[in-house]
Amino acid sequence: MNRRTILGTVAAVGFGMITSVAGADGLPALEKKERYKVGFAQMESNNPWRIAETKSFHDTAESCNWDLVATDAAGSAAKQVSDVDSMIAQGIDVLFLPPREEKPLIPAVMKARAAGIPTFLVDRSVDSNVAQAGEHYVSFLGSDFIWQGQQVAEWTLENFKGEKGIIVELEGTTGSSPANDRRKGFDDVMAQHDNMEIVASQSGDFARDLGRQVMETLLQAHPDVNIVYAHNDEMAIGAIQALELAGRKPGEDVLVVSIDGTRDALQAIIDGKMGVTVESSPFFGPLACEVMNRYAEGEEIEPWVQVKDRIFTADNAAEFIDEAY
Ligand code: GZL
């Protein structure tokens, strides 16, 4: 225990506020128990990825001895924060939180810590200038979104046949870590190639219909687009619908590239309408169980438990479509 933690613990005991013995770095510890009351504060269920993630937690609960308290904030960061408040009031032992946006969910992280509840961020993270793994929350369990964007860019450079790439980018939820990092990963690679130009970049909120609407609008302004980069498959599928409605032929006169690895995306690749989708696995339940148990055993958890993702193209989409969500 460091000096700050000892003082903190002494103060808590002094005021009769002891909630949990803090860990070595001021993090709340997790007492090893027969069963755990586990909070999972989901942000929304607006696409197959979110639904698959939520199902993964429910499917893991019994085998991991969880009494699961699961909520759904229906796309509202403010409600996601209040959902965490209510879980704290219910006395959860541990919190798994996929923060919808990097800044508005900081209060939820800080409140859980102050209540002596260890928090694991899953699938998305928070602003690291304000809250850090190992200090304010235990760890971030998730993919490398910058790597995902880089892989999409590299595949596009290798497979785009035209002279000049006129790129439209459909961004994920504004202020979310996957949107920020998938943009950085892709854009930084493309900035090194003079024959590649990103002419428009706009959020479709990771949703199929909004992605379609945004693509319809951007097509009006940029009829010469020949590459569409979507931060997730749902928006890519929406974009394909918009392109076909406008008489374009995705896979022939426009290259559509994306991230997630959903069943519909793998089918679009098999049908020749999408070029690549970089996997971003939603199946966090088993990983959450494993890391929580390690923490309860007193192990120090690495600040980022990184999920390794695959790349799906025409070479392997048919092989993996049966396991896709
Ligand atoms: C990625 C996750 C993203 C998916 C989208 O970990 O946060 O959110 O890529 C989902 O499909 O909405």
Side-chain angles (χ1 to χ4, degrees), residues 40-57 72-77 80 96-105 108 120-128 133 139-152 169-186 203-212 214 228-240 256-266 268 274 276-288 291 304-312 324-325:
F40 174 61
Q42 180 57 283
M43 65 182 77
E44 59 208 338
S45 299
N46 68 334
N47 66 35
W49 196 101
R50 288 281 144 217
I51 292 164
E53 181 185 51
T54 299
K55 183 178 185 303
S56 178
F57 272 87
D72 184 319
S76 160
Q80 198 175 15
F96 291 104
L97 175 65
R100 187 171 193 275
E101 297 147 53
E102 287 191 343
K103 298 185 190 310
L105 268 297
F120 297 86
L121 299 184
V122 289
D123 118 51
R124 294 187 188 176
S125 194
V126 295
D127 182 350
S128 58
S139 177
F140 165 56
L141 284 55
S143 295
D144 182 341
F145 303 127
I146 292 178
W147 176 86
Q148 293 173 343
Q150 291 168 336
Q151 294 304 307
V152 175
E169 185 167 347
L170 299 177
E171 300 176 15
T173 298
T174 302
S176 69
S177 57
N180 293 336
D181 290 352
R182 287 171 181 170
R183 177 170 182 169
K184 174 171 176 51
F186 181 89
S203 176
D205 205 23
F206 284 133
R208 180 177 300 201
D209 201 49
L210 189 53
R212 179 184 57 76
V214 169
V228 175
Y229 166 44
H231 289 184
N232 85 327
D233 292 338
E234 280 297 288
M235 294 190 295
I237 299 293
I240 287 170
V256 179
V257 294
S258 183
I259 297 171
D260 269 354
T262 64
R263 179 180 298 274
D264 285 353
L266 296 185
M274 188 185 289
V276 63
T277 182
V278 174
E279 182 181 32
S280 197
S281 175
F283 305 113
F284 280 93
L287 181 62
V291 176
W304 180 7
V305 179
Q306 188 175 342
V307 173
K308 300 295 184 191
D309 294 309
R310 299 165 291 185
I311 297 174
F312 299 121
Y325 50 96

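Numbering of ligands and ligand atoms starts at 1, following listing order.
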Check: Do any pairs count as a salt bridge (charged side-chain N to carboxylate O under 4.0 Å, His left out) and have a residue in residues 276-287, sequence neighbours left out, and if so which ones?
Finding: E279-R310

Margin query: Using modelled atom types and a 3.5 Å cut-off, is there a donor and acceptor pairing between side-chain atoms of W49 and backbone atoms of S280?
Written below: yes

Next item on the list: With a 4.0 angstrom cut-off on heavy atoms, strictly below it, pick out the residues next to ligand 1 and order them by chain and number.
Entry: N47, W49, R50, D123, R124, F145, P178, R182, F206, N232, D260, S280

Next item on the list: Would you confirm whether S56, through its side chain, and A52, through its main-chain N or O, come within 3.5 Å as a donor-acceptor pair?
Entry: no

Next item on the list: State which residues pass salt bridge (charged side-chain N to carboxylate O under 4.0 Å, His left out) with E101; sequence neighbours excluded, sorted by chain then number.
Entry: none

Notebook entry, point to check: How would you list, by chain and number, every residue that makes a salt bridge (charged side-chain N to carboxylate O under 4.0 Å, His left out) with E102, sequence neighbours excluded?
Noted result: none

Check: Does Q42 use its side chain to pair, donor to acceptor, with the backbone of I51 at less than 3.5 Å?
Finding: no

